[in-house]
Amino acid sequence: MPGTVIVGAQFGDEGKGKVTDFYAEKADIVVRYQGGNNAGHTVVVGDETLKFHLLPSGVVQGKRILIGAGVVLDPRVLKEEILHVREKDREVRLGIDPRTHIIMPWHNLLDEGRENARGATKIGTTKRGIGPCYADKAERTGIRFEDLVDGEKLKEKISEFYPIKKAILEKAYNVRVPFTQEDIFKEYLPLGTEFRAFLSDVSLEVSEALEKKKNVLFEGAQGTFLDNDFGTYPFVTSSHPISGGVSVGVGIPSTKINRIIGIVKAYTTRVGFGPFPTELNDSMGEHLTEKGNEFGTTTGRQRRVGWLDLPMLRTSMRLNGFTELAITKLDVMSGLDTIKVAESYSVGDKKIKFFPYSNKGLEKAVPNYEEFDGFEITGDEKKYSQLSAGARKYLSFIEKELGAPMKLVSIGPGRLDTVEK
Ligand code: GDP
Ligand code: IMO
Ligand code: MG
């Protein structure tokens with residue numbers, strides 16, 4: 001293994017939680033490197049379903065779990081999540097980097113205020129305060145985990161920023177602030193005290209672990225096309241889910257990463273607004289939504305669905321450098337008469353094989369579809385050779401087009417519904 005990254009190849013919700021849990025068995029440490037509780041990762045083991053927004057999914061396998069500097073952390077959500085895991089008699093062996101930025105109550109209000117002010121250009125954020133927290137980090141007006149666990153520093157920072165945020169919320173967004181400075185201090189100070197024991201220099205801990213040849217799994221949140229630079233800006237998140245995000249989000253050189261697993265859903269989904277060239281707004285779309293239970297893990301919103309998109313995946317391959325692929329939700333494709341895959345796009349009389357860099361270009365892109373005969377997945381397949389010829393043909397096509405081996409096929413939500421190749 002040693003440095004292995006799990007990256008969502010599309011718009012998020014590809015099944016990263018499931019695959020992380022599967023590979024975590026062989027890992028010593030599982031690390032989140034970006035995003036925050038906008039993520040919703042589902043792990044299904046037997047008849048138990050666990051959903052994580054902040055804790056790395058490796059917690060289910062009882063591994064050491066780390067939150068890197070590139071994450072934005074809401075301590076209120078962390079408290080709830082830890083409680084939830086402990087209630088299920090699972091151990092939480094957590095470390096949090098001192099440089100990790102903290103989501104404050106004003107970030108949630110700003111997220112909502114900005115969205116409402118945007119009108120027609122709404123992003124459809126999760127309203128978890130992610131964007132405003134990253135904005136403060138970039139503006140150098142953030143509160144870090146090292147401040148949260150130091151009561152004096154926390155008080156100082158809250159006193160400095162609260163009046164400014166309150167003024168912005170009230171004057172720019174016409175939002176009433178329902179809490180005082182003192183309220184925040186009362187809520188956050190005990191959280192800081194409680195979490196002090198989790199403080200760990202994650203950059204150092206991961207570097208030393210890799211030096212000792214331990215297996216470290218980096219669990220991406222969101223997906224490639226929600227990347228702040230390389231996604232469908234402005235319909236993106238505020239962090240860098242792509243594999244390059246690991247280096248800056250954890251504080252290790254990229255040369256320490258030798259395995260990059262692209263998680264590809266067998267079709268495409270997207271939550272929130274923004275371009276989606278292969279979107280299906282018909283009965284096929286409804287069928288996939290229903291069969292795939294495509295409702296958001298974090299906000300419960302219905303996900304938009306569409307066919308698999310190779311220009312998108314080729315671009316994902318280029319951005320992430322996948323050394324292997326894992327395909328999920330293949331069972332959802334079972335029983336269709338015909339399956340379509342966008343093989344390229346036509347823009348005017350030009351054929352293109354990659355995702356255009358701008359949304360304007362994407363609006364003009366018309367997918368050219370390749371059709372495949374439908375296939376069945378029984379759910380009893382344990383080996384790759386037991387998958388039907390039709391399913392293997394679909395998978396081989398993707399593998400060949402992307403130029404990376406497919407090492408895992410997921411045919412159900414459970415840990416055991418997994419076929420390795
Ligand atoms: P993540 O954000 O990438 O971790 O994905 P989510 O957990 O938000 O969404 C994936 C959903 O699909 C979850 O409900 C999973 O339990 C489920 N899932 C994962 N893999 C499979 C699969 O192969 N087949 C089916 N039917 N469901 C799956
Ligand atoms: P996981 O890790 C799918 C989407 C939101 C919105 C945009 C910006 O479960 O795959 P934000 O709250 O981040 O400012 O919202 O990004 N989004 C996700 N979509 N899966 C996610 O995470 C997402 N996290 C954010 O719906 O369109
Ligand atoms: Mg999700």
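Keep in mind the model is a prediction, meaning the values are calculated, not measured. Read the numbers this way: they start at 1 and go in the same order the structure lists the ligands and their atoms.
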For ligand 1, which is the ligand I care about here, please tell me if [X] has any N or O atom under 3.5 Å from one of the ligand's N or O atoms.
X    : value
V332 : no
T328 : no
G12  : no
G40  : yes
L330 : no

List ligand 1 atoms under 4.0 Å from [X], heavy atoms only on the residue side.
X    : value
G17  : 4 (O)
H41  : 1 (P), 2 (O), 4 (O), 7 (O)
K16  : 1 (P), 2 (O), 3 (O), 4 (O)
S410 : 20 (N), 21 (C), 22 (C), 23 (O)
G412 : 20 (N), 21 (C), 22 (C), 23 (O), 24 (N), 25 (C)

### Message
Looking only at distances, can you tell me whether any N or O atom of T237, backbone or side chain, sits closer than 3.5 Å to an N or O atom of ligand 2?
### Response
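N/O-N/O distance under 3.5 Å: yes.
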
### Query
Does D13, backbone or side chain, put an N or O under 3.5 Å from an N or O of ligand 2?
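By distance alone, the answer is yes.
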
Pair [X] and [Y], ring centroids less than 6.0 Å apart:
X    : Y    : value
F276 : F11  : yes
F225 : F355 : yes
F235 : F273 : no

Are [X] and [Y] close enough that a side-chain donor and a side-chain acceptor fall under 3.5 Å?
X    : Y    : result
N359 : T232 : no
S57  : R32  : no
Q61  : Y23  : no

### Region of N293 engaging ligand 1 - heavy atom pairs below 4.0 Å
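Answer for N293: neither.
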
### Message
Using a 4.0 Å heavy-atom cut-off, which part of T297 comes near ligand 1: side chain, backbone, both, or neither?
### Response
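The part of T297 near ligand 1 is the side chain, not the backbone.
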
May I ask you to identify the nearest protein heavy atom to [atom], giving residue, atom name and distance to one decimal place in Å?
atom                    : answer
atom 26 (O) of ligand 2 : R301 NH2, 2.9 Å
atom 15 (O) of ligand 2 : T125 CA, 3.3 Å
atom 12 (O) of ligand 2 : T126 OG1, 2.6 Å
atom 23 (C) of ligand 2 : Q222 CG, 3.7 Å
atom 26 (N) of ligand 1 : D331 OD2, 2.8 Å
atom 10 (C) of ligand 1 : D13 O, 3.9 Å
atom 5 (C) of ligand 2  : G124 O, 3.5 Å
atom 27 (O) of ligand 2 : V271 O, 3.1 Å
atom 8 (C) of ligand 2  : V236 O, 3.3 Å
atom 19 (N) of ligand 2 : L226 CD1, 3.6 Å

Hey, does [X] sit under 4.0 Å from ligand 2 if you only count heavy atoms?
X    : answer
K16  : yes
R128 : no
E14  : no

### Nearest option to atom 14 (O) of ligand 1, as decided by whichever heavy atom of I263, T42, V419 sits closest
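Shortest heavy-atom distance from atom 14 (O) of ligand 1: T42.
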
### Task
From atom 18 (N) of ligand 1, work out which of K18, Q222, K329 has a heavy atom at the shortest distance.
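Minimum heavy-atom distance to atom 18 (N) of ligand 1 goes to K329.
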
Which of the atoms in ligand 2, numbered in the order shown and given with their element, are less than 4.0 Å from a heavy-atom of [X]?
X    : result
G40  : 1 (P), 9 (O)
A39  : 1 (P), 2 (O), 9 (O), 22 (O)
A221 : 2 (O)

### Query
If you take all heavy atoms of I96 and V202, which pair is closest and at what distance?
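Answer, listing the atom of I96 first, then V202: C-CG2, 4.0 Å.
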
### Minimum-distance pair of heavy atoms, taken over all atoms of L313 and A9
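It is CD2-CB, 3.9 Å.
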
Taking side chain as C-beta onward, heavy atoms only, is [X] less than 4.5 Å from [Y]?
X    : Y    : value
V71  : L54  : yes
Y134 : I103 : no
V5   : R259 : no

### Query
What part of F11, side chain from CB on, backbone N/CA/C/O, both or neither, has a heavy atom under 4.0 Å from ligand 2?
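Looking at F11 and ligand 2, just backbone atoms fall under 4.0 Å.
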
### Task
Among the N/O/S atoms of D13, select the one at the shortest distance from the Mg ion (ligand 3) and name it.
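Relative to the Mg ion (ligand 3), the closest nitrogen, oxygen or sulfur of D13 carries the name OD1.
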
### Task
Run the salt-bridge test on E81 and R86 with the 4.0 Å N-O cut-off and return the result as yes or no.
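Here E81 does not pair with R86 in a salt bridge, since their nearest N and O are not under 4.0 Å apart.
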
#### Entry: Carboxylate-amine/guanidinium contact K340 E370, below 4.0 Å
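Result for this pair is no, no salt bridge flagged.
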
### Task
To the nearest 0.5 angstrom, please state how far the NZ atom of K393 sits from the CD1 atom of I398.
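Here the rounded value is 12.5 Å.
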
#### Entry: Short N/O/S contact of G40 with the Mg ion (ligand 3) (below 2.8 Å)
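Checking G40: at least one N, O or S atom is under 2.8 Å.
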
